[in-house]
Amino acid sequence: MDKMYGYVNDALGLSQLGLDEETSKKIVLEVLDFVTQGLSSKPDVDTVLRRIKRFKPQVDELVSAKLLELIKRPTREQLEYIVYSGGRAAIAEVDRLYKLAKEYGREDLIATLQYLWTKYGIRSPVQCPKCGFNSVMPDYSCLVCGAVVTEKYVRDALDFGNKLNIFVKTASVGELRLAVERGYVLLGEDGVYHPLYRPPKPTVMFQVYLKSDEVALIVEEIEGRSQPI
């Protein structure tokens, strides 16, 4: 194990992260378990190193996940490794990593986290005004930094007025009546929908309550369609 540990430790670049030996060995053991799965015999060093190279994205993600698990407060170098190499592992603790990157003044790492969030996270059509992530959720709070936005902010961000006008003209009378009865509509990146709408694929949608003039607009449309030609 000692001989294998040294080669794998160097291959992973762990010696550059300022880790204590106990932490390094825990990570190396996890990586060895991963890259030797399915092998019928004990592999030699060259085989292990080749498999580490072959499965580099998965190995990097595994190492990053273990760093987050084992280290309460990553250093600047460790944080950099996790963000640049971690992929989905970084997104799993994006709030923690964002706060640390902010504290260290690493805007480059924040930009990378934003990219990873768009790629792997729960992407919202509304960008948080505080952290810059597309992470404002249906409860109007940011999943990354915890900031809370107003309904007006969401309305403005998604051009609610124009989308409501399209909804009024294209929705069925039944859908329009449902909106009036419930007093709200669902607002998403692609448009406004009736309260019971279920999107064909998972997407972030906001429950937006109708103002009196908006209700009046819908009622006028319903009554206009009811008039005999």
Side-chain angles (χ1 to χ4, degrees), residues 1-124 128 131-135 137 142-146 201-204:
M1 168 61 190
D2 288 339
K3 180 183 178 182
M4 185 75 77
Y5 164 75
Y7 282 110
V8 174
N9 189 66
D10 289 343
L12 297 175
L14 298 183
S15 57
Q16 302 172 17
L17 298 180
L19 302 173
D20 59 72
E21 188 173 348
E22 181 182 359
T23 300
S24 294
K25 283 188 173 180
K26 287 180 179 178
I27 293 173
V28 168
L29 281 173
E30 288 279 346
V31 171
L32 284 173
D33 283 344
F34 173 73
V35 299
T36 58
Q37 286 177 3
L39 297 179
S40 57
S41 60
K42 185 178 179 179
D44 58 21
V45 171
D46 288 340
T47 299
V48 168
L49 296 182
R50 282 197 302 271
R51 290 176 73 87
I52 287 175
K53 187 175 181 180
R54 177 183 174 187
F55 298 109
K56 189 177 188 309
Q58 297 94 320
V59 169
D60 286 345
E61 190 171 317
L62 174 59
V63 173
S64 297
K66 292 302 293 183
L67 287 170
L68 286 166
E69 176 189 332
L70 297 171
I71 300 173
K72 183 175 181 181
R73 181 182 170 82
T75 64
R76 294 171 187 271
E77 292 76 18
Q78 292 161 0
L79 177 66
E80 186 173 298
Y81 180 95
I82 293 167
V83 172
Y84 284 136
S85 303
R88 289 181 176 85
I91 289 306
E93 296 203 42
V94 65
D95 53 342
R96 175 184 171 193
L97 297 178
Y98 165 74
K99 290 173 185 176
L100 202 53
K102 193 76 174 174
E103 185 177 329
Y104 288 152
R106 293 294 303 271
E107 294 298 324
D108 59 320
L109 297 184
I110 292 174
T112 301
L113 285 171
Q114 289 169 343
Y115 166 77
L116 291 173
W117 179 262
T118 300
K119 187 175 182 180
Y120 299 120
I122 306 172
R123 184 189 175 278
S124 168
C128 174
C131 68
F133 286 72
N134 280 81
S135 50
M137 294 293 109
C142 174
L143 205 56
V144 174
C145 71
K201 60 182 180 178
T203 185
V204 174

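Note that the structure is a prediction, hence the values are computed from the model and not measured. Numbers here are sequence positions counted from 1.
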query = Are any non-hydrogen side-chain atoms of Leu113 and Phe133 less than 4.5 angstrom apart?
reply = yes
Nearest heavy atoms of Tyr5 and Ser24, plus distance in Å = OH-CB, 3.3 Å
request  = Evaluate the side-chain contact (heavy atoms from CB on, under 4.5 Å) criterion for residues Val8 and Val35: first the C-alpha distance (whole Å), next the side-chain angles of each, then the deciding distance (0.1 Å), finally the verdict.
outcome  = CA-CA 11 Å; Val8 174; Val35 299; over 6 Å; no
request  = Kindly write out the residues that satisfy salt bridge (charged side-chain N to carboxylate O under 4.0 Å, His left out) with Glu77, not counting sequence neighbours, or none if the list is empty.
outcome  = none
request  = Over all heavy atoms of both residues, which pair between Trp117 and Ser135 is shortest? Give the atoms and the distance, please.
outcome  = NE1-CB, 3.7 Å
query = So does Gln16 have more than 12 non-hydrogen atoms from other groups sitting under 6.0 Å from CD?
reply = no
query = Just how far is it from atom CG of Leu79 to atom CD of Glu103, taken to the nearest 0.5 Å?
reply = 10.0 Å
ask   = Could you give all pairs that pass the salt bridge (Lys or Arg N to Asp or Glu O under 4.0 Å) test and reach residues 87-99, with sequence neighbours left out?
value = Glu93-Arg96
request  = Name all residues meeting the salt bridge (charged side-chain N to carboxylate O under 4.0 Å, His left out) criterion together with Arg54; count only those two or more places apart in sequence or in a different chain, and write none if there are none.
outcome  = none
Partners passing salt bridge (charged side-chain N to carboxylate O under 4.0 Å, His left out) against Glu80 (at least two apart in sequence or in another chain) = Arg106
message = Can you pull out every ring-ring contact (aromatic ring centres under 6.0 Å, His included) where at least one residue sits in residues 62-81? Sequence neighbours excluded, please.
response = none
For the student: nearest non-hydrogen atoms of Thr36 and Pro43, plus distance = CG2-CG, 3.5 Å
inquiry  = Nearest 0.5 Å, please: how far is CG in Leu109 from CG in Leu100?
reply    = 9.0 Å
note = Closest non-hydrogen contact found for Gly121 with Ile91 is CA-CG2, 4.0 Å
query = Given the rule in the salt bridge (Lys or Arg N to Asp or Glu O under 4.0 Å) test, do Lys56 and Asp60 qualify, once you have shown the distances and angles that lead to the verdict?
reply = CA-CA 6 Å; Lys56 189 177 188 309; Asp60 286 345; 2.7 Å; yes
query = Looking at Asp108, Leu116, Ile110, which one forms a side chain to side chain contact (heavy atoms under 4.5 Å, CB included) with Thr112?
reply = Leu116
Smallest separation among heavy atoms of Val204 and Arg123, with atom names = CG2-O, 3.7 Å
request  = Return each pair, listed once, that meets salt bridge (Lys or Arg N to Asp or Glu O under 4.0 Å) where at least one residue sits in residues 6-23; pairs must be two or more places apart or across chains.
outcome  = Glu21-Lys25, Glu22-Lys26
task = Give the intermediate values and the outcome of side-chain contact (heavy atoms from CB on, under 4.5 Å) for residues Tyr7 and Val48.
result = CA-CA 9 Å; Tyr7 282 110; Val48 168; over 6 Å; no
note = For Glu61 and Ala89, the nearest pair of non-hydrogen atoms, with its separation, is O-CB, 3.5 Å
ask   = Which of these passes side chain to side chain contact (heavy atoms under 4.5 Å, CB included) with Val28: Val63, Leu14, Asp33?
value = Leu14
